[in-house]
Amino acid sequence: MDIAFAQREKLHGLILKAISDAVEAGDLTSYEVPEFVLEVPKDPNHGDFASNVALVSAKAARRAPRDVAEALVKHIPVGTFIAKVEVAGPGFINFFLSQEWLGDILRAVEMQGENYGASNYGQGEKVLLEFVSANPVGPLNVVNARAAAVGDTLARLMRASGYQVGTEFYVNDAGNQADVFARSLIARCHQQADPDYPFPEDGYPGDYVTDLAKQLLAERPDFLELPEDEQAAFCKRWGTDQMVKWQAEDLRDYGVEFDLWFRERDLHAQGKLEEVIAFFREKGYLYEEEGALWFRSTAFGDDKDRVLIKSDGLYTYVTADIAYHHDKLKRGYTKLIDILGPDHHGYIGRMKAAVQALGHGEDTLEVLILQYVALLRDGKPVKMSKRAGEFITMRELVDEVGTDAARFFFLNRSLESHLDFDMSLAVEQSSENPVFYVQYAHARICSILRQAEEVGVAVPTTADVDLSLLSEEAEVNLIKKLGELPEEILLATTLREPHRIARYALDLASTFHSFYTHCHVLGEEAPVRDARLVLVNCVLIVLRRTLSLLGISAPEQM
RNA sequence: GCGCCUGUAGCUCAGGGGAUAGAGCAUCGGACUUCUAAUCCGAGUGCCGCAGGUUCGAUUCCUGCCAGGCGCGCCA
């Protein structure tokens, strides 16, 4: 159990007890207590914790909020735990805790170390997180980069919160687009010998296809002599495999590794689509119309029915996607989270319908929609034309601004924000870049600890020092900030808002930098020095923890 | 026409129904003989898109409108 929750639980209990005591003493008439909040106020003058219990109780208790608050405060014991309690504003109850709890925070950080802020909230529930899932027909783009950063950090957060998380990248290597890609590749192969060979009108124009063609011919000099259908089959398989390999490398260099790259073609090969069709047929969810086989998804809340088998006898992508989600469920996952781009929001209804038709609850599938990324250079939009094959790839973005900066930029915004990513800002003003601000705090602490070691001063533990010496405002603020991480992790996890952690990292770094200018560590009298060494060491642990959740490096020197 | 997202300081964005709406950048002014000045301290700026509604209380929730981005295939 972590410290912030323990404090809150305790206060929660004290408030409930105060209500019943107040009723018993006749200060309040009995009423049903509504949900109320205990929060860390923005303004430190409002205490360490504040509650709106009197405000939300006003109606049921039929008293003015401030009257309710006054009645409750009379019954809240002040002593070793609570130093002071007061009524403020429209009827808030502000709690000022005694110094002791600050020590509890440092002890918790020291004890839990790199796992600080972890919990068992998820109780081992199996969650499958699917993200990126770009088609294997080209390089990853910047929205993919955003999805990768968000999905990866969400996975790290959910693991920290006690979920058993699997991450997967679904590879559409069996559909129409893979065929178009194969035809493009074949044409580029022919063009090596015959520059006039026609290129498919809907083909993929990027130079990478030509590069791939050259590589193919080097590996298979006999390729052009193969029968056409064999060329197509080879290109579809070999070509998409190459693209997957390429995408996986780019993602690995970006700090993102998937537990599984799931191939659509495996679903086909193993008859998983037929399985789903048979199951739906048996349940009576299918009907035929105009030569196609339809899924009555409207019976499960979708806005229109969906074709599963086209009139030409081929499956639609929906069928494969249903089979894939069916497979996830059969592997024991009880929660499926898909992170998609904004162009796929229409997909939510049909897939939620499918999961319900497969016999699972409405909330089993959760779809998070990311918004677009607009790349800017010098404040002006970067021109991107998919048709002309001109777009900034994830690789180029990362090469230009670095993995740490790229991940931080993406993770510092909420999912639904339409993100303006100014590359020149991220590069040219690198010293002003927020990610360096956080990393610099880490490097500064490392420097202090290095120098302490050089003069033979070891970092003590909380048990060795007098923590009450940490009483300067800058010190107290820093300790309180450390205490906030566990709650932030849990909120970021449950609300699926990883950007909270990036914000927290900036906050913590800022609080530390302020401490650094106001308080020296080395050179102080031994008792103060030692207490501060304990403090900065705890900050180091929490900064590392935070950066590791974000997938960003923690350099020891800058 | 229908659906999703967005509209908050000059710019980029935070704000889980609460107290005087915040941060960074940009602008201006201070602080390095002392653990890294990639830092710190201070200053100014807001019809929270508009109009209603719910509430003791709305930037937050609901409805309608306005503006911008993106979708609405037997493509994926």
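Hydrogens, waters and symmetry mates play no part in the numbers below; they use all other heavy atoms, side chains included.
Applying the salt bridge (charged side-chain N to carboxylate O under 4.0 Å, His left out) definition to pairs two or more places apart or across chains, those involving residues 317-327 of chain A are A:Lys272-A:Asp327, A:Asp327-A:Arg331.
No close placement of the A:His499 and A:Phe410 rings is indicated, their centers lying 6.0 Å or farther apart. The aromatic ring centroids of A:Phe95 and A:Phe49 lie 6.0 Å or more from each other.
Judged by distance alone, with hydrogens and angles left aside, A:His513 brings no side-chain donor or acceptor close enough to the base of B:rC40 to form a pair under 3.5 Å. A donor N or O paired with an acceptor N or O is found under 3.5 Å between the base of B:rC74 and the side-chain atoms of A:Ser311. In the interface, the side chain of A:His499 is not paired with the base of B:rA14 through any donor and acceptor atom under 3.5 Å apart.
Here the separation of B:rG3 from B:rG24, taken at their C1' atoms, is 35 Å to the nearest Å. Between the C1' atoms of B:rG69 and B:rG30, the separation comes to 43 Å (whole Å). Only the C1' atoms considered, B:rC41 is 14 Å distant from B:rC32, to the nearest whole Å.
Atom C1' of nucleotide B:rU12 and atom NE2 of A:His418 are separated by 15 Å, given to the nearest angstrom. In this structure, OH of A:Tyr437 is placed 13 Å from P of B:rA37, rounded to the nearest angstrom. Nucleotide B:rU39 holds its P atom 17 Å from the NE2 atom of A:His442, rounded to whole Å. One can place CG of A:Leu415 at 10 Å from P of B:rU6, the figure rounded to the nearest angstrom.
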Extract from the structure each pairing of a protein N or O with an N or O of nucleotides 41-46 of chain B at less than 3.5 Å, listing the distance.
| unit_1 | atom_1 | unit_2 | atom_2 | d |
| --- | --- | --- | --- | --- |
| B:rC41 | OP1 | A:Ser514 | OG | 3.1 |

Please tabulate the protein-to-nucleotide N/O contacts below 3.5 Å involving nucleotides 1-3 of chain B, giving atom names and distances.
| unit_1 | atom_1 | unit_2 | atom_2 | d |
| --- | --- | --- | --- | --- |
| B:rG3 | N2 | A:His345 | ND1 | 3.3 |
| B:rG3 | N2 | A:His345 | NE2 | 3.2 |
| B:rG3 | N3 | A:His345 | NE2 | 3.1 |

Polar atom pairs (N or O), protein with nucleotides 18-23 of chain B, under 3.5 Å:
| unit_1 | atom_1 | unit_2 | atom_2 | d |
| --- | --- | --- | --- | --- |
| B:rG18 | N7 | A:Asn52 | ND2 | 3.4 |
| B:rA19 | N6 | A:Asn94 | OD1 | 3.3 |
| B:rA19 | N1 | A:Asn94 | OD1 | 3.2 |
| B:rA19 | N1 | A:Asn94 | ND2 | 3.3 |

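More than 12 heavy atoms of other shown residues, nucleotides or ligands fall within 6.0 angstrom of atom CZ in A:Arg450. When the shell of 6.0 Å around CD of A:Glu453 is examined, it contains 12 or fewer heavy atoms from other residues, nucleotides or ligands.
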* Watson-Crick or G-U pairs under 3.5 Å in RNA chain B, rendered as dot-bracket with [ ] for crossing pairs and | for another strand -> (((((((..((((....[...)))).(((((.......))))).....(((((..]....))))))))))))....
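The closest donor-acceptor contact from the side chain of A:Lys236 to the backbone of A:Ala174 lies under 3.5 Å. Proximity of a side-chain donor or acceptor of A:Glu70 to a complementary backbone N or O of A:Asp67 within less than 3.5 Å is not detected. Counting only distance, with no hydrogens or angles, the side chain of A:Arg500 and the backbone of A:Asn412 share no donor-acceptor pair below 3.5 Å.
Ion pairing between a basic and an acidic side chain is recognised when a charged N comes within 4.0 Å of a carboxylate O; A:Glu366 and A:Lys352 show no such pairing. Of the charged side-chain nitrogens involved, none lies within less than 4.0 Å of a carboxylate oxygen, so that A:Arg503 and A:Glu488 do not count as a salt-bridged pair. A salt bridge links A:Arg306 to A:Asp302: at least one charged side-chain nitrogen sits closer than 4.0 Å to a carboxylate oxygen.
A:Arg532 and A:His520 share no donor-acceptor pair across their side chains, judged by distance under 3.5 Å alone.
Here B:rA38 is the nucleotide among B:rC74, B:rC35, B:rA38 with the atom lying nearest to any side-chain atom of A:Met558.
Here A:Glu130 pairs with A:Lys328 under the salt bridge (charged side-chain N to carboxylate O under 4.0 Å, His left out) rule; sequence neighbours left out.
An anti base is found at B:rC4: its glycosidic angle is more than 90° from 0.
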* Verify salt bridge (Lys or Arg N to Asp or Glu O under 4.0 Å) between A:Arg413 and A:Asp420, making sure each step is shown before the conclusion. => CA-CA 10 Å; A:Arg413 300 275 185 277; A:Asp420 282 348; over 6 Å; no
